[in-house]
Amino acid sequence: MKNKPDNFHFQAKTALNNPSLQQALSKATTHILNKRARAIQELTDLETLRDRARRIKEQTIAQLNHYLLQLESEVRKAGGKVYWAREARDAQRYIAKLVKQKKAQLVVKGKSMVSEEIGLNEYLEKLGLEVVETDLGEYIVQLAGERPSHIIAPAIHKSREEVALLFQKKLGTNPEAEISKLTQVARERLREKFFQADIGITGANFAIAETGTIVLVENEGNIRFTTSLPPVHIVLMGIEKVIPTLADLVVFLKLLPRSATGQKLPSYVSLITGPRRDGEKDGPEELHLIILDNGRSRILSEPALRESLYCLRCGACLNICPVYQKVGGHAYGSVYAGPIGSVITPPLVGLYRARALPYASTLCGACRDICPVKINIPHMLLQLRQGLSYRWNRNLINPGYWLEKLLTITWSMGMKDEGRYRFGSKVARLLQRPFLKKQKISHLPYPFSRWTKSRDFTPLAAKPFRIWWEDNQRSSKDHERAD
Amino acid sequence: MKEQTDKTRLKLLKRLQKALNASPSANVAAGPCPASSSRACSVATPNLIPLLEEEITKTGGVFYLARDKEEIAQYLITLAKRVNAKTIIRDNSILLQGLKLDGVLNNEGLQVIIDYSGTRPAKETNEDKAAWRQPAKDAALGVTSIEYILADTGTVVIKSRPGLSRTLSLVPPIHVAIGEERQILPGLEALFSQGANLQPGSAVIFITGPSRTADIEQTLTIGVHGPIEFHLILLPDE
């Protein structure tokens, strides 16, 4: 069964009860966070850089039309083609047309979250194509028939033993769980695919409006292969990926790798401007840039959510999030997991379907503090919760609404008057008695069982504070007198 | 393929404009971005070679400071012998031509292929495709010149062009970059302040160390798709 945002609670529970996943998650997130902390420390002007990065994103998004048009015209000048896709299916159809025209059979892919978002692999496979993910983590996830569970480390949830078993089952290799050997298997298998592929598809980390340049950041070299060997290169980018100039890129190249993998610079940064030029032996003959909206303009029109478009997809907020650290990426049931995923999934798939996600946060603020562009994620989660509760409360047949209302009214009545308060606490003490075991309440009847299902309820103290205080004062006075 | 009809394009643009209007950018500060305290590159450049060496070594690459041109050939021979290489592919740059490596390497029984510029036929058969890719596939060493060197990250910048194909620094298991001291820049800022130089070229690649991955259990593994070894040989200014 495929995970869905609607099933967050169930999926989270499944993840919490999976000990090997718990181990993998804690190991991986701790490791990446340590590496990031070391790399970030080297930046003496970190705060200035973050402010600059945010400012560049703010200013670009505020004039998005201008920069996208500039990008379009520069890409065309460099010999590339540009396609504007309003919905996922527009992009799918455009790619399908290209596939047909080129009589393509094999597509190699570099890691692209947008392609996950539009379900490109399934779509192309239905058309009878062989689609191969070439990033090692993505390759593993694809062989397993799963989805990536982390933006940067898609197979973060798998142990080496699981990968070895998977490779044995799918590729018939030795079940040796040695990481270097497993990597070697992927190298050999995928090398041939690169040479045979008809089309290469990648995302874009940045697109430079000034020069029409697509910037891709990676460590493995699979993106370089994907952009160098197949005769056609398709770039899929969300509208928010454009930045004005090459000089702006410096800021992001300093922040993104450090935040994502704790590196100063990754092994490879590719700046691709148009298809190959006259006399060049490799590089694609055709470069197609697909500029995708797919719900992003909805985010753009919401002042409260707009800053989620500044996201660089570094994954740092996932690693630091106490919820992500426990439930992992799959529990969210959406392409974008973690704190930023909980913000952008609702506008992309619909607030109602993703209603559990804004609550999948403790609002501790760690995501905001770690974000290289200072996105205020907790604030946006609160905004989404507000929107949800407004919708929810209009729904007058919702029994939870009436119960909650009843409780809050009773509560406020009790808190406003001393007599009522005393009476209320007396009644509560009586009511809690049957549930009290060893000074704890571990089980309550429905609907309160939803609280005690995952944690104890703290009972009222046997003696009210007021009485304890009086007794205490009296006894200390007794002592003084005795002295 | 046909250019997109203006209708869809305009519809999307209109939608964006509407979205922008719906949420006016009140919170966007006007004016220039705060300046970064980047080191200017024109101030008397300190000797960047020690930093460069340190950074390249950190990323798992090998740095070698050659005293003269002869040492470069020797370095390549030793490297080729270590991995039992038979074929080396190199670009056709003036720098590499000037090193006169080919004869010396041939004498050691090493075949040297020189990357050429050539127009590929519009309609390629599978044999054609295989033929132009074969040299890089056969070579154990890819030797390239470079555009710039960034000291504070240990990075080399390569711009593809006819005679310096993208595959040279990608397909062979060992990539040897040969640069000159004058190409060293302090870092990224200095490079982009010369931004104009970066524009041409269908592909400009920043290479920092060998290919790597940590996708299985966050364990660093060298050489997943790209080169397993990265070497930078630096020729000091005379």
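All heavy atoms count here, side chains included; hydrogens, waters and symmetry mates do not. So you know, we letter chains A, B, ... as the sequences are listed, proteins then strands, and number each from 1.
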Options B/Ile222, B/Ile216, B/Thr219, ranked by heavy-atom pairs under 4.5 Å with chain A, top entry: B/Ile216
When B/Ile207, B/Leu188, B/Leu150 are compared by non-hydrogen pairs under 4.5 Å with chain A, the top option: B/Ile207
Pair A/Glu280-B/Ser202, side-chain hydrogen bond (donor to acceptor under 3.5 Å, both in side chains): steps then yes or no: CA-CA 9 Å; A/Glu280 282 183 58; B/Ser202 60; 2.9 Å; yes
A/Lys158 and B/Glu217: CA distance, side-chain angles, deciding distance, salt bridge (charged side-chain N to carboxylate O under 4.0 Å, His left out) verdict: CA-CA 7 Å; A/Lys158 283 220 177 320; B/Glu217 292 189 1; over 6 Å; no
Less than 4.5 Å to any heavy atom of chain A: does that hold for the side chain of [X], its backbone, both, or neither?
X        : answer
B/Thr59  : neither
B/Pro210 : backbone
B/Thr221 : side chain

B/Lys14 NZ: over 12 foreign heavy atoms closer than 6.0 Å: no
Whether over 12 other heavy atoms sit under 6.0 Å from A/Glu42 CD: yes
Shortest non-hydrogen contact between [X] and [Y], atoms and distance:
X        : Y        : answer
A/Arg187 : B/Pro173 : NH2-CA, 4.2 Å
B/Pro162 : A/Gly279 : CB-O, 3.4 Å
B/Gln218 : A/His31  : O-NE2, 3.4 Å
A/Arg277 : B/Gly201 : NH1-N, 3.1 Å
B/Asp215 : A/Pro154 : OD1-CD, 4.1 Å

Contacts with chain A made by residues 135-146 of chain B (heavy-atom distance under 4.5 Å), listed by residue number: B/Lys137
Which bit of [X] is near chain B, if near means a heavy-atom gap under 4.5 Å: side chain, backbone, both or neither?
X        : answer
A/Ala153 : both
A/Leu249 : side chain
A/Phe195 : both
A/Glu162 : neither
A/Arg86  : both
A/Ile208 : neither
A/Ile291 : backbone
A/Leu68  : side chain
A/Ile239 : side chain

[atom2] on [Y] to [atom1] on [X], rounded to 0.5 Å:
X        : Y        : atom1 : atom2 : answer
B/Gln17  : A/Leu300 : CD    : CG    : 9.5 Å
A/Leu265 : B/Thr155 : CG    : OG1   : 4.5 Å
B/Phe206 : A/Leu253 : CZ    : CG    : 6.5 Å
B/Ser211 : A/Phe225 : OG    : CZ    : 8.5 Å
A/Asp282 : B/Leu170 : CG    : CG    : 8.5 Å

Sub-4.5 Å side-chain heavy-atom contact between B/Val224 and A/Asn219: no
Note, A/Arg296 side chain near B/Leu16 side chain (heavy atom, < 4.5 Å): no
Salt bridge (charged side-chain N to carboxylate O under 4.0 Å, His left out) against B/Lys11, all qualifying residues, sequence neighbours excluded: none
Side-chain (B/His225) to main-chain (A/Asp135) donor-acceptor, under 3.5 angstrom: no
Salt bridge flag under 4.0 Å for residues B/Arg15 and A/Glu87: yes
Distance-only donor-acceptor check, side chains [X] and [Y], under 3.5 Å:
X        : Y        : result
A/Ser267 : B/Arg212 : yes
B/Thr213 : A/Glu220 : yes
B/Ser160 : A/Arg276 : no

Qualifying residue, where the test is side-chain contact (heavy atoms from CB on, under 4.5 Å) with A/Trp84 and the options are B/Leu10, B/Leu12, B/Thr8: B/Leu12
Worked check of side-chain hydrogen bond (donor to acceptor under 3.5 Å, both in side chains) between B/Arg166 and A/Ser270: CA-CA 11 Å; B/Arg166 303 179 193 194; A/Ser270 299; over 6 Å; no
